[in-house]
2 protein chains.
Amino acid sequence: MDYKKTANLFKALADENRLQIMEILKDGEKCACKLLEALQISQPTLSHHMKILCDAELVSGRKEGKWMYYSLSKAGIKNAKTYLKELKISEGK
Amino acid sequence: MDYKKTANLFKALADENRLQIMEILKDGEKCACKLLEALQISQPTLSHHMKILCDAELVSGRKEGKWMYYSLSKAGIKNAKTYLKELKISEGK
DNA sequence: ACAACATATTGACAGATTTCAATATATCAA
DNA sequence: TTGATATATTGAAATCTGTCAATATGTTGT
């Protein structure tokens, strides 16, 4: 198991603003400008958070003209689910 | 949804040493001294990590004489699973 | 009570993370 | 091409986190 990669994945989920972004994206693809409206953070800060979420494959981005559209990505979410699924509680002594 | 609590939960999983601890505990309850042997960290650092894992309810501790036994706890793991499960990818526009 | 041991707490430091202002890059419209 | 707009990057400051040495607390055996 790759501890570094897994830690990075959970790090991406370990921030209140990023959780709120994920929450908004549950509703479907959104433009960066919409996310900026919803959060009380500056534009560079949003851009930084989006990079972290994209790097973790929790979110994917699509550029259309001068706009960036973001949506949830299955890959990262699946990785996290898989990790948790493997946390079986054994009765080993 | 409680962003702070959820962020804390994922923060607890966002560290390589703590992931390794979880990995070891998958095998069943372990004494703190065993964890200390397995990890390349000092005793106070281990104690600090265990507190974070316990606070997130990912691990529970049991004191027996002068020893502490730790094991995986269902509550935190379930909370994380539930969060991920709710990350449904909708087609809403 | 005292010594030995296991774990927890405190205090300090280094490195990581979040944040914003300033600036850069890219796209569109006139 | 120029100006306006959307997003990304850079650089710096404040805060948070992981770490260890030193010390405290709690337990067991003598």
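Just so it is clear: chains get the letters A, B, ... in the order the sequence lines come, proteins before strands, and each one is counted from 1. On a predicted model such as this, the values are computed, not experimentally measured, just so you know.
Contact between A:Cys54 and A:Gly61 at its shortest, heavy atoms only, is SG-N, 4.3 Å. Nearest heavy atoms, A:Tyr70 versus A:Val59: CD2-CG1, 3.8 Å.
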Pair up each side-chain donor or acceptor in residues 31-40 of chain A with any protein partner under 3.5 Å, not counting sequence neighbours, and list the distances.
none

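Partners of B:Lys66 under the salt bridge (Lys or Arg N to Asp or Glu O under 4.0 Å) rule, at least two apart in sequence or in another chain, do not exist in this structure.
For the pair B:Gln40 CD and D:dC20 C1', the interatomic distance rounds to 15 Å; values are reported in whole Å. In this structure, A:Lys4 places its NZ atom 15 Å from P of D:dG18, rounding to the nearest Å. In this structure, B:Arg62 atom CZ and C:dA6 atom P are separated by 17 Å, rounded to whole Å. Taking atom CE of B:Met68 as the reference point, atom C1' of D:dG26 lies 12 Å away to the nearest angstrom. Distance CG (B:Leu46) to P (C:dT9): 13 Å, rounded to an integer number of Å. The interatomic distance linking B:Lys34 (NZ) with C:dT7 (P) rounds to 12 Å, in whole Å. Rounded to whole Å, the distance from CD on B:Glu37 to P on C:dA6 is 10 Å. Per the geometry, CG belonging to B:Asp55 stands 12 Å off P belonging to C:dA8, to the nearest Å.
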Tabulate protein N/O versus nucleotide N/O from nucleotides 22-30 of chain C, keeping only pairs under 3.5 Å, one per line.
{"from": "C:dA26", "atom 1": "O3'", "to": "A:Lys63", "atom 2": "NZ", "distance (Å)": "3.4"}

Contact list (N/O, under 3.5 angstrom) for nucleotides 16-18 of chain C vs protein:
{"from": "C:dT17", "atom 1": "OP1", "to": "A:Lys11", "atom 2": "NZ", "distance (Å)": "3.2"}
{"from": "C:dT18", "atom 1": "OP1", "to": "A:Arg18", "atom 2": "NH1", "distance (Å)": "3.4"}
{"from": "C:dT18", "atom 1": "OP1", "to": "A:Arg18", "atom 2": "NH2", "distance (Å)": "2.9"}

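Distance CG/A:Asp15 to OG1/B:Thr6: 12.0 Å, rounded to 0.5 Å. Atom-to-atom distance recorded for B:Ile41:CD1 and B:His48:NE2 is 10.5 Å, nearest 0.5 angstrom. If you take CG on A:Leu87 and NZ on A:Lys85, they are separated by 12.0 Å, rounding to the nearest 0.5 Å.
Of the listed nucleotides (C:dC20, C:dA8, D:dA8), C:dC20 has the atom at the smallest distance from the side chain of A:Ile41.
The hydrophobic cluster around B:Trp67 extends to B:Tyr69, counting ILVMFWY residues whose side-chain heavy atoms fall within less than 4.5 Å of a member.
Cluster membership check: A:Leu9 does not share its hydrophobic cluster with B:Ile52, using side-chain heavy-atom separations under 4.5 Å among Ile, Leu, Val, Met, Phe, Trp and Tyr.
Electrostatic pairing of A:Arg18 and A:Glu16 does not count as a salt bridge here, judged by no charged N lying under 4.0 Å from a carboxylate O. Remark: A:Glu29 engages A:Arg62 in a salt bridge, criterion side-chain N to carboxylate O under 4.0 Å.
Contact annotation for B:Tyr70: backbone-only contact, meaning every heavy-atom pair under 4.0 Å involves sugar-phosphate atoms and none involves a base.
For the helix from C:dA1-D:dT30 to C:dA30-D:dT1, the terminal axes (five pairs an end, C1' atoms, rotation from four pairs onto the next four) enclose an angle of 30°, given to 10 degrees.
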